[in-house]
Every structure is written in C-alpha cells, then in structure tokens.
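Only one structure is covered here, and it is reproduced in the block below.
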There are 2 protein chains.
Amino acid sequence: MDRTRRAERAIAESQVIAGYSRYLELIADLTKGKRIVSSGMRQETERCRKALELAQAGETVALVSSGDPGIYGMAGLALELAAAERLPVPIEVIPGITASSAVAARLGAPLMLDYAVISLSDLLVPWETIRKRLEAVAAADLVTVLYNPKSKKRVKQLEEALALFTAHRPGTTPVGIGTAVGTEEEQIVLTDLDQALEKEIGMRSLVIIGNRSSKKLLNWFVTPRGYRV
Amino acid sequence: MDRTRRAERAIAESQVIAGYSRYLELIADLTKGKRIVSSGMRQETERCRKALELAQAGETVALVSSGDPGIYGMAGLALELAAAERLPVPIEVIPGITASSAVAARLGAPLMLDYAVISLSDLLVPWETIRKRLEAVAAADLVTVLYNPKSKKRVKQLEEALALFTAHRPGTTPVGIGTAVGTEEEQIVLTDLDQALEKEIGMRSLVIIGNRSSKKLLNWFVTPRGYRV
C-alpha cells in the first residue's frame, strides 16, 4: 500500500473511521483509540449514510476507500447522499493511488499514451453499454485498463472483451495482469492477447491491454510515448 | 502535493536525485546533501540517460516526475533507454497520484464511471490520431480527461475537441477545469460544455468532461455510479 501523508493526516485528525472491514484491518496501526464504523461488502450506502450522520452530529469522520476513492470508490456516493439529504457537512475528497497506477508501475510503463478505464462489472451498468465502450476504445487504439474483469459467476464478459480487442489488435499485443497488488498475495503476469484467457484472473485482478505500439522490452510492458531513443 | 511514504523513502535511500529543475525545487526539503542532476523542459532524454549512466556506475538514483511517472511521465522513456542500450540496472517504478485523480478530487467525483484519458498535445502523436480517439470516446459516453488541453501556440485542438463532445452530449454537461492543482496558484472551475471555452485554460490545466449522467450537485461535479440514493 502506498499511503500518502495527506491521507494519514486526515485519519489522525478524525474521531471516527468508517470503511469496509477488510480495508480497515490494513490501516489498524493508524486507527487505535478511534471509533470504528465498519461493515461488509455491498453495504456501501448504509456505511456512507452513517458516516454522514456522524459528521452532521459534529464528529470529524474519515470514510476510507482502497485505491483512489474517486475511481470506482466511495467519493461519489458520499457526495450524492449528502446532496440528496441536504446534509450541510463540509466534505473533502483526498485522492489516492488508483489500481491502474499501482498495477501499471509493477508492469513497467503501459500507460504512457492515451488510455481508457472500463469496469466489466454489469451490476450497475448494463452490459450493452460496457460492450459499446469496449468496441469504441478497441477501435481507437487506446491502451485499456479493465477493472473487475471477472468473478466466480461472471466470466463471459472478459472473454467477449478480449475477443473485441483481438479483432482490432495483433494477438501478440501485450496484456498485463496484476492481482492483489500491494498485498502479500500479489501476482504480476505479462502475457499477450492470444494467451490472456489462459492466465489466472479473478476478483482482485486488473487487466491492462496495450495498444498497437505497446511492446515487451526485456521483462517490461511499455507503451512508447514517441521520443526518439 | 500528495507525497507517498514510498516515494519519500526511495528519495531518502538515493545518492542522486534527477529531474526537471522546477519539480526538484518542490522537494528541496528531501534532497539536502544529495547530488542533483537537474535540467529544463524538453531535455527528458538526456536527463534519463544521465540517470541511467549514474545507476550503472553504482549509484542509487531517483528520477523524479510530477504526478504519476507512468502517466505521461518519465517511466516509459527510462525503460526504453535501458532496453535500447542494454543497461543492466534494476529499475523500480513508484506510482504517484496522477493529475486526473488530483483534479477529480478537488471537483468532487467525476470519475466514478468508465473514463478515458487523452492528451491534446500533438508533439509526439499526430492530431488525426488524437481526433479519432476523441470522436470514439465522445460517442461512447465515456467521461474524458484532457491532459495538455492548450498552450500559448496550440489553441485550436481544444476548440475542436469540445465541438466533438458537444455533438454527442448536451451543452449543459458538466466540465471541470483544474489549473496548477496542488500549488499556491491552484484554480478550480466548474462549468459546462457550452461555456468551457470562455474559461481560462492553459499549460498547467486539466479538463474533465462529464458523460451524459454526470451532474452538478451543490457545488460538486459528480458522475453517479448507479447506486440507489
């Protein structure tokens, strides 16, 4: 985990720390003596609401996300709830290192040129919309980061996504897979479009698909920016 | 500036600190007593080469970028040069908070759904390629972050880009502009597609264009993820 000074300071200054229980375990060293509001997955709305209620009651509350709270995290929901319920609490969003950046750094430098970030989870967005986006960015030769590529029950989306990219890019296009990055179970795999589906990809993975100029250099995945080398 | 513990540690452990002179000034407190290799803008290649040479001579070298070195930063060039010149130096890329995340956090939560990151600088990429990418992501309703939107000499690209988005999204679509974010001259402006061109946008700005579901909520720019609120 790459903690920022700013996030550490915000936690130190808060009386209440709210978040998904698993993430709170990772920062247990920062939260001693503080009131903890933790809950399981898929309880985002109630967790946010509780955090806002406590803030309105006068507490300073840190609502903790993994990665960047503004990218598939909790920031949007907290702001939406505050606006919907007209809760006049001051809110500060503190950015973090999003999984794209963390995984890209472990692979080399795949995101040196224009890129797109697309989640394959169709829980909140219809698959047809996601599919249309994948098709557009595949055709426009954008490096593409896939969040939530696969879960136990959801496997077809990734197959379809990779097939779309294979229609527009050579099968040798580099594909990087980062799983549980920043934890002890971290796994980094550099493969290509043709072989990506054979690799282990799960709930905690992120997949980065290169564009037509991306290369494997030594063991690095690099998208050259165009400098003369 | 949001410093990570990890980057601070890497700088502390290095004997040589290389980077663009202006960025090095911002971290002067971390570099006392160290050898400094600084140079001006557009001297990226020689700066990287020098850093690699010193590393090969046995020094631990920190090559400093602003934001995330892996996103329009120096990581790719360093890896390309190391591979091209077969320099057997171990390289670690340390991710940072990219400008998209920093500006998004100041605006609210515009990046809660799928998004694209596109640089309007045609110094290293032909404008026709950039234009095609803009057209694709505008049509696919992706939130879009424009890096290098405008410079003194380059103004038409931004006009063209905004016109492309206006063809696919209502003129009331939120547009956020962050300039010199994280510095004392920081400016944050929330406007919309119709009025964005009238606002001050320059070399140090980043522009975020909402998708069709993005909203202005109180003074926040939010792209709702789809939770029922």
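The basis for the numbers below is simple: all heavy atoms, side chains too, and nothing from hydrogens, waters or symmetry mates. Just so you know, these numbers come straight off a predicted model, no measurement behind them. Each chain gets a letter, A, B and so on, in the order its sequence line appears, and its residues count up from 1.
B:Pro95 and A:Asp2 get closest at one heavy-atom pair: CG-OD2, 3.3 Å. A pairwise comparison of heavy atoms in B:Tyr115 and A:Ile71 identifies OH-CD1, 3.3 Å as the closest pair.
The structure places CG of B:Leu79 at 11.5 Å from CG of A:Asn219, a figure rounded to the nearest 0.5 Å. Rounded to the nearest 0.5 angstrom, B:Ser121 OG and A:Arg225 CZ are separated by 7.0 Å. Interatomic distance, A:Ile94 CD1 to B:Ile97 CD1, rounded to the nearest 0.5 Å: 9.5 Å.
Residue pairs that meet the salt bridge (charged side-chain N to carboxylate O under 4.0 Å, His left out) test with at least one member in residues 66-84 of chain B, sequence neighbours left out, do not exist here.
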>> Applying side-chain contact (heavy atoms from CB on, under 4.5 Å) to B:Asp141 and A:Thr129, what does each step give before you reach the verdict?
In response: CA-CA 9 Å; B:Asp141 201 33; A:Thr129 304; over 6 Å; no
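Contact tally against chain A (heavy-atom pairs below 4.5 Å) for B:Pro110, B:Ser100, B:Gly108: the top residue is B:Gly108. Taking chain A as the reference chain and counting heavy-atom pairs below 4.5 Å, the highest number among B:Ala82, B:Gly70, B:Ala136 is found for B:Gly70. Interface check for chain B: of the options A:Thr4, A:Val137, A:Thr98, A:Leu113, the most heavy-atom pairs under 4.5 Å are formed by A:Thr4. The most heavy-atom pairs under 4.5 Å with chain A, out of B:Val93, B:Leu124, B:Val117, come from B:Val117. Top candidate by heavy-atom pairs under 4.5 Å with chain A, chosen from B:Gly96, B:Ala139, B:Ala75, is B:Gly96. Interface summary for chain A: among B:Leu217, B:Leu77, B:Ile118, the most heavy-atom pairs under 4.5 angstrom belong to B:Ile118.
Looking at B:Thr45, the atoms closer than 4.5 Å to chain A (heavy atoms on both sides) all sit in the side chain, from C-beta outward. For a residue to count as touching a neighbouring chain, one of its non-hydrogen atoms must lie under 4.5 Å from one of that chain's; by this rule B:Val145 does not touch chain A. Heavy atoms of B:Glu8 lying under 4.5 Å from chain A belong exclusively to its side chain. For A:Leu123, no part sits under 4.5 Å from any heavy atom of chain B, backbone or side chain.
Other residues, nucleotides and ligands contribute only 12 or fewer heavy atoms inside 6.0 Å of the CZ atom of B:Arg106.
Of residues 83-90 of chain B, those residues lying under 4.5 Å from chain A by any heavy-atom pair are B:Ala83, B:Ala84, B:Arg86.
Applying the side-chain contact (heavy atoms from CB on, under 4.5 Å) rule to B:Arg9 yields the partners B:Arg5, B:Arg6, B:Glu13; only residues at least two apart in sequence or on another chain are considered. Partners of A:Tyr72 by ring-ring contact (aromatic ring centres under 6.0 Å, His included), not counting sequence neighbours, listed by chain and number: A:Tyr147.
Proximity of a side-chain donor or acceptor of A:Asp114 to a complementary backbone N or O of B:Arg133 within less than 3.5 Å is not detected.
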